[in-house]
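The structure displayed is predicted, hence computed values, not measured ones. Along the sequence shown, residues are numbered consecutively beginning with 1.
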Amino acid sequence: NSEKGTHLTHPTHPTQVMKDFIKGISAMPTPRILDIGPVVGSNLEFFLNHGIKVYMEDFITSYLNPKYSLVLDGKITLNEPTFFEENFAYEVNSLDGLICWDYLCYIEPRFAGVFVRKISSMVKSGGLVMAFFHTRRIIGPDMIHKYRIHNESSLEYIPTELKTEFKKAF
């Protein structure tokens, strides 16, 4: 399995939205985007080849890190102030685009709202956001996947070692 995706070993999914996202972002002067998925080197290269500066911050790994957890009313929850002190320290209106993949489906709905408000403030007016949402309910722990961009119309869906409860189908 090559990092460039020439020998795909995982399922691929067709996508029109990636092509539309790239077209829209590329039309912006000096485009800058944030990819909140695990770092995939070939994805970085893909964006750079399109003239797009990309920042990568592995949201789901940070979100699942026990150092950001605390017990509140007998339940384990995310310590939001600590989480945001150490993650997603981008200035307001500093990004032209944001790629969320499907990670919003795996976080607590209450935190999802807080997170979306926080990261949305980083995207300039007229910027683009790309996210995928599950429409089927998953019972029990679900394996987290990362996405490798094969080309503008195909994504490779790669399992990681991380598992968490699926939180929300849209």
Side-chain angles (χ1 to χ4, degrees), residues 3-5 8 10-65 68 78 80 83-135 144-160 162 164 166-170:
E3 181 67 11
K4 290 199 180 275
L8 302 175
H10 303 286
T12 59
H13 299 281
T15 177
Q16 176 63 39
V17 72
M18 178 59 74
K19 185 183 244 180
D20 295 342
F21 183 81
I22 294 299
K23 182 179 178 183
I25 291 293
S26 295
M28 298 177 182
T30 61
R32 298 167 23 141
I33 65 169
L34 172 63
D35 178 340
I36 69 166
V39 174
V40 176
S42 59
N43 288 0
L44 178 61
E45 184 179 347
F46 175 85
F47 291 118
L48 292 174
N49 287 340
H50 282 84
I52 300 167
K53 183 172 185 174
V54 61
Y55 301 91
M56 295 186 161
E57 192 156 346
D58 187 352
F59 166 71
I60 204 71
T61 298
S62 296
Y63 175 77
L64 296 174
N65 188 330
Y68 299 119
L78 189 70
E80 293 169 19
F83 180 84
F84 285 121
E85 282 173 15
E86 298 180 16
N87 300 282
F88 300 96
Y90 301 91
E91 293 182 22
V92 171
N93 297 320
S94 63
L95 302 168
D96 297 294
L98 176 65
I99 300 177
C100 295
W101 304 110
D102 64 348
Y103 302 121
L104 298 178
C105 296
Y106 294 96
I107 62 178
E108 293 295 332
R110 184 190 64 74
F111 179 66
V114 171
F115 182 70
V116 167
R117 280 189 298 281
K118 172 80 171 171
I119 61 175
S120 293
S121 72
M122 300 169 194
V123 178
K124 297 174 186 173
S125 177
L128 300 174
V129 176
M130 185 177 79
F132 302 130
F133 297 95
H134 294 273
T135 57
I144 303 295
H145 289 76
K146 62 184 175 181
Y147 294 85
R148 179 179 293 138
I149 302 167
H150 180 58
N151 57 46
E152 287 184 357
S153 23
S154 181
L155 299 173
E156 188 177 2
Y157 194 62
I158 305 167
T160 68
L162 297 173
T164 190
F166 181 81
K167 306 295 187 208
K168 178 129 176 103
F170 293 85

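Between Phe84 and Phe88, the ring planes lie perpendicular to each other; the angle is over 60°, past the 30° to 60° tilted range. Using cut-offs of 30° and 60° on the angle between ring planes, the pair Phe83 and Tyr63 is perpendicular.
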- [ ] Tell me, with the steps shown, if His50 and Glu152 meet side-chain contact (heavy atoms from CB on, under 4.5 Å).
- [x] CA-CA 11 Å; His50 282 84; Glu152 287 184 357; 2.8 Å; yes
- [ ] Run the numbers on Glu156 and Thr12 for side-chain contact (heavy atoms from CB on, under 4.5 Å), then give the verdict.
- [x] CA-CA 4 Å; Glu156 188 177 2; Thr12 59; 4.3 Å; yes
Task: Step-by-step side-chain contact (heavy atoms from CB on, under 4.5 Å) determination, Leu98 to Met122 - done: CA-CA 9 Å; Leu98 176 65; Met122 300 169 194; over 6 Å; no
- [ ] Evaluate the criterion ring-ring contact (aromatic ring centres under 6.0 Å, His included) for residue pair Phe59 and Phe115; output intermediate values, then yes/no.
- [x] CA-CA 10 Å; Phe59 166 71; Phe115 182 70; 4.3 Å; yes
- [ ] Evaluate side-chain contact (heavy atoms from CB on, under 4.5 Å) for Ile22 paired with Phe47, printing each intermediate quantity in order.
- [x] CA-CA 8 Å; Ile22 294 299; Phe47 291 118; 3.5 Å; yes
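Heavy atoms only, all atoms of each residue included: Trp101 and Ile99 are closest at CE2-CG2, 3.2 Å. Counting all heavy atoms, side chain and backbone alike, Tyr103 lies closest to His145 at OH-O, 2.8 Å. Taking every heavy atom of both residues into account, Gly51 and Pro31 meet most closely at O-CG, 3.5 Å. The two residues Val40 and Met56 have their closest heavy-atom pair at O-CE, 3.9 Å. Across all non-hydrogen atoms, the minimal contact from Ser153 to Asn151 is N-OD1, 2.8 Å. Leu128 and Ile25 get closest at one heavy-atom pair: CD1-N, 3.7 Å.
Asp102 and Tyr147 are linked by a side-chain donor-acceptor pair at a separation below 3.5 angstrom, with hydrogens and angles left out of the test.
Looking only at side-chain heavy atoms (C-beta outward), Glu45 and Asn49 come within less than 4.5 Å of each other. Contact check for Leu78 versus Glu108: no side-chain heavy atoms found under the 4.5 Å cut-off. Side-chain contact between Ile158 and Pro38: absent, with no pair of heavy atoms (C-beta onward) separated by less than 4.5 Å. Using a 4.5 Å cut-off on side-chain heavy atoms (C-beta onward), Phe132 and Val17 make contact.
The closest donor-acceptor contact from the side chain of Asn65 to the backbone of Tyr68 lies at 3.5 Å or more, if one exists at all. When atom types are taken as modelled, the side chain of Ser26 and the backbone of Lys23 share no donor-acceptor pair closer than 3.5 angstrom.
The NZ atom of Lys146 lies 14.0 Å from the CD1 atom of Ile60; values are rounded to the nearest 0.5 Å. Atoms CG and SG, from Asp35 and Cys100 in turn, are 9.0 Å apart once rounded to the nearest 0.5 Å. Note that the CD1 atom of Ile36 and the OG1 atom of Thr61 stand 11.0 Å from one another [nearest 0.5 Å]. Taking CG from Leu155 and CE from Met18, the interatomic distance works out to 5.0 Å, rounded to the nearest 0.5 Å. Between Ile119 atom CD1 and Tyr90 atom OH the span is 11.0 Å, to the nearest 0.5 Å. With values rounded to the nearest 0.5 angstrom, Phe111 atom CZ is found 10.0 Å from Lys118 atom NZ.
Ion pairing between Arg32 and Asp96 fails under the 4.0 Å rule for side-chain N and carboxylate O.
The local environment of CD in Glu91 is sparse, with at most 12 non-hydrogen atoms from other residues, nucleotides or ligands closer than 6.0 Å. Shown here is Lys53, whose NZ atom has no more than 12 heavy atoms of other residues, nucleotides or ligands within 6.0 Å.
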